[in-house]
Number of protein chains: 2
Amino acid sequence: MEHKTPSTGDGDAGEVRGEEPAVTLDARVGRIVRQTLADQVYGDLKELLLSGRAAPGERFTLRGLAAAIGTSAMPVREAVSRLVAENALEVLPNRAVRVPLMSRARFAELRLIRTSLEGLAAATAAREATDDEIAEVIRCERAFAAERDKKKPDGAAAMRHNKDLHFALYRAAHLPTLMGMIEGLWLQIGPVLNLDFRAGPERVRQGEAHLHHAQLVAALKARDSDAARDALVADIWSAGDFILSRDVLPD
Amino acid sequence: MEHKTPSTGDGDAGEVRGEEPAVTLDARVGRIVRQTLADQVYGDLKELLLSGRAAPGERFTLRGLAAAIGTSAMPVREAVSRLVAENALEVLPNRAVRVPLMSRARFAELRLIRTSLEGLAAATAAREATDDEIAEVIRCERAFAAERDKKKPDGAAAMRHNKDLHFALYRAAHLPTLMGMIEGLWLQIGPVLNLDFRAGPERVRQGEAHLHHAQLVAALKARDSDAARDALVADIWSAGDFILSRDVLPD
DNA sequence: ATCTGTTATCTGTGATCACACATAGCAGAC
DNA sequence: GTCTGCTATGTGTGATCACAGATAACAGAT
C-alpha cells in the first residue's frame, strides 16, 4: 500500500460567498478541520459502540480492524488505546482486546454514577439553557414520542431519538468537561443498552420513559432545576430497572 | 539501540516460602504482573501531573520524552494519547502536546463535578467501608494533622497526605469505575493544585481542611452517609475558594 | 527598521519490520 | 481415550523509517 496523504479536509472548506466587502480574504475562509486517521478510527469505533453494533465480550484484532478500514495497524492502535483509557474497551491479561463484559454490579455502578452526573447536567441545564436549546430538547422529545406512537415503532430509531434528547439536554448545561464524561459513560453502557433494545418487547418501558421525558420538559420550561434533576434521575433509574429485570447480564 | 526485551517483571515474583506442604507448586507462585513500556510511561506521566511537577501550559515533545526515559517514541505516543483521552494532556491544533491551561471556568466546572462524584463516593464509603478501611482513613488523617502541627510543615508532604486520605476514602466505596473517574479528575486539577501549594502561605486553608477532615472521620465512624458527603463537599468547596481567591488562574 | 517570502529544522503521524508471548493443532506416550 | 510436549500461526508491543506540516531563523526588498 502506498503512502497516503493524511486527508487534510475535503477541500471545500474555503467556499467564497462573493458579496463580501473586499477588505481581506482572511475573514472569509473557514477554519480548517484537522482529522488524523486515528481520530477517524476513534470516531468509527465510538459510533460502533454507541449504536450497539458491537456486543459485549466481542473480540477485536488490531490487524483485522486495520484491514477492514483500509489503513495500517497504527491508527487503530492509537484509537483503541484511547478507548481502553476510558473503559470503553479492555485488554485482557492475554493481551487480547475486546468490548468489556457488563456484570450486574458494573451496570449498577454505572447507573449510580449516571444519576449523579447526568442529574447534575439536567439541573444545570434548567438554569443555564437558552430558549433555543430548550426548544431543541422539546423537538427531540416530540420525535421520540412520534416514533413510539407509530403502528410499527422502530426500536433503533427510538433509541437514537432518546440519545439525541439526552445529549441536547446535557449540551445545554454548557459544561464541556461534564459533557465529555457523560459521553464516556454512554460509551460504556451503549453495547448493553442497544443489545437490549434490539431484543425485547420494550413497550412498557417506552411508556414510562415518555412520562419522565414529559416531566423533564415541563421542568425545563419552568426553569426548575430540582424537578429537572428528579425527572432525569427517575428516567435513568427506571430504564436501569428494566434492563436488570430481564436476566441478560452475567454475575 | 538494541532491541530491548519488554521487561516481563523483575524476576522475584515466584519467591518460594519453603514450609508449604508439597502438593503442587501452582499455589505458591504469585501471579505475574504484565507491565508494558507504555504502561510505565503512562504511570510516570501520571505521577508527574499528580505531583505537580509539570506546570499548566508546559509543552512536551514525544521524542524528547522518549530520549529522557530511554525508549523509542512509540510507548510515549501511546501513553500520551491515553492521557489526552482523559483530558490530562491536550494536543493543540498545531499538533503540539502540552499540559492544559486551567481557566477559572474550567476550574469551577471541575470543582462542581468533583463535589458530585467525590460526594457520592464519600456517602457510599460511609455505608460500605470495612472497619479496616475506616481505620486507614483515620491513619491518613492523623498523618495530615501531624504534618500541619510541625514547626516547619512541608507543603508537599501535607499535599500527599491529603491525597492519600481522599483516595483511601474513595477506595472504601468499593466502586472501581467511580474510583477511576475521580482519579481522572485529580489528574486534571493536579497541576494547578500543587503549583498553588508550592507557592503560597496556605496555613489558613490547612486549618479549614482539618476541620472538614475531622467532620468526615466522625461521619464515617457514625456510618452517616449524608454527613460524610457534606463534610467532603465542604472540603472541596473551600479548597476551591482558596485557589480562586488567589488570582493565579487566567480568564 | 519593518515586513515578506524562503529555507532549515523539528514534530507528530503513519507504515513497516522484528520479536516475545499466547493459543491452537497435532503427534506421541501411557 | 487422555494427557503431555512440541510446532505453527497469529497477536500485541516496540523500534525504525518516511513524510507532511509547523515553527523559527534568515535574507532581501521596501
Side-chain angles (χ1 to χ4, degrees), chain A residues 1-11 13-14 24-26 31-45 58-85 89-99, chain B residues 1-11 13 24-26 31-45 57-85 89-99:
Chain A
M1 182 180 302
E2 80 284 19
H3 197 91
K4 288 210 200 131
T5 137
S7 124
T8 137
D10 293 336
T24 60
L25 268 169
D26 305 0
R31 183 69 74 232
I32 213 166
V33 283
R34 184 170 306 283
Q35 264 286 70
T36 67
L37 274 186
D39 287 335
Q40 278 179 248
V41 177
Y42 175 75
D44 287 358
L45 291 179
E58 195 170 335
R59 298 271 252 281
F60 283 89
T61 120
L62 294 189
R63 284 175 173 86
L65 260 185
I69 302 180
T71 70
S72 88
M74 179 77 26
V76 179
R77 275 168 76 174
E78 190 169 321
V80 165
S81 73
R82 276 192 235 173
L83 289 166
V84 167
L89 293 178
E90 67 179 356
V91 298
L92 303 177
N94 329 332
R95 285 215 198 116
V97 47
R98 71 169 183 195
V99 16
Chain B
M1 181 184 303
E2 81 284 21
H3 196 92
K4 288 212 199 127
T5 135
S7 123
T8 137
D10 292 337
T24 59
L25 267 170
D26 304 1
R31 182 70 74 232
I32 214 166
V33 283
R34 184 170 305 284
Q35 263 286 72
T36 67
L37 274 186
D39 287 336
Q40 278 179 249
V41 176
Y42 176 77
D44 287 358
L45 291 180
E58 197 171 334
R59 298 269 251 282
F60 283 90
T61 126
L62 295 189
R63 284 175 173 87
L65 261 183
I69 302 180
T71 71
S72 89
M74 180 79 22
V76 179
R77 274 168 76 174
E78 190 170 320
V80 165
S81 73
R82 276 192 236 174
L83 288 166
V84 167
L89 293 178
E90 67 177 356
V91 298
L92 303 177
N94 327 334
R95 286 213 198 118
V97 47
R98 71 169 183 194
V99 15

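Below, chain A is the first sequence line, B the second, and so on; all start at residue 1.
Listed nucleotides C:dT16, C:dG12, D:dA15 differ in distance to B:Leu62; the shortest reach to its side chain belongs to C:dG12. With D:dG14, D:dT13, C:dG12 as the choices, the nucleotide that has an atom nearest any side-chain atom of A:Arg63 turns out to be D:dT13. Comparing D:dG12, C:dG14, D:dA15 by their closest approach to the side chain of A:Arg77 singles out D:dA15. Closest to the A:Pro75 side chain, of the nucleotides C:dA18, D:dA15, C:dG14, is C:dG14.
Contact annotation for A:Val91: no contact, since no heavy-atom pair falls under 4.0 Å across all strands. Contact annotation for A:Ala96: no contact, since no heavy-atom pair falls under 4.0 Å across all strands.
Minimum heavy-atom separation, A:Ser72 to A:Ala66: O-CB, 3.4 Å.
Rounded to whole Å, atom C1' of D:dT23 lies 13 Å from atom CG of B:Leu92. Separating the CZ atom of B:Arg59 from the P atom of D:dA22 is a distance of 14 Å, rounded to the nearest angstrom. Rounded to an integer number of Å, the gap from CD of A:Gln35 to P of C:dG14 is 10 Å. One interatomic measurement links the two molecules: CD of A:Glu78 to P of D:dG14, which rounds to 14 Å at whole-angstrom precision. For the pair A:Leu65 CG and D:dT11 C1', the computed distance is 13 Å after rounding to whole Å. Remark: C1' of D:dG14 and CD1 of B:Ile69 are 14 Å apart, rounded to the nearest angstrom.
Each of B:Thr61 and B:Met74 was matched to the nucleotide of DNA chain C holding its nearest heavy atom; the match closer to the 5' end belongs to B:Thr61.
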**Item:** side-chain contact (heavy atoms from CB on, under 4.5 Å) evaluation trace for B:Val41 with B:Met74
**Value:** CA-CA 10 Å; B:Val41 176; B:Met74 180 79 22; over 6 Å; no
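The closest side-chain heavy-atom distance from B:Asp39 to B:Arg82 is below 4.5 Å. Between B:Leu45 and B:Leu65, the closest side-chain pair of non-hydrogen atoms falls below 4.5 Å.
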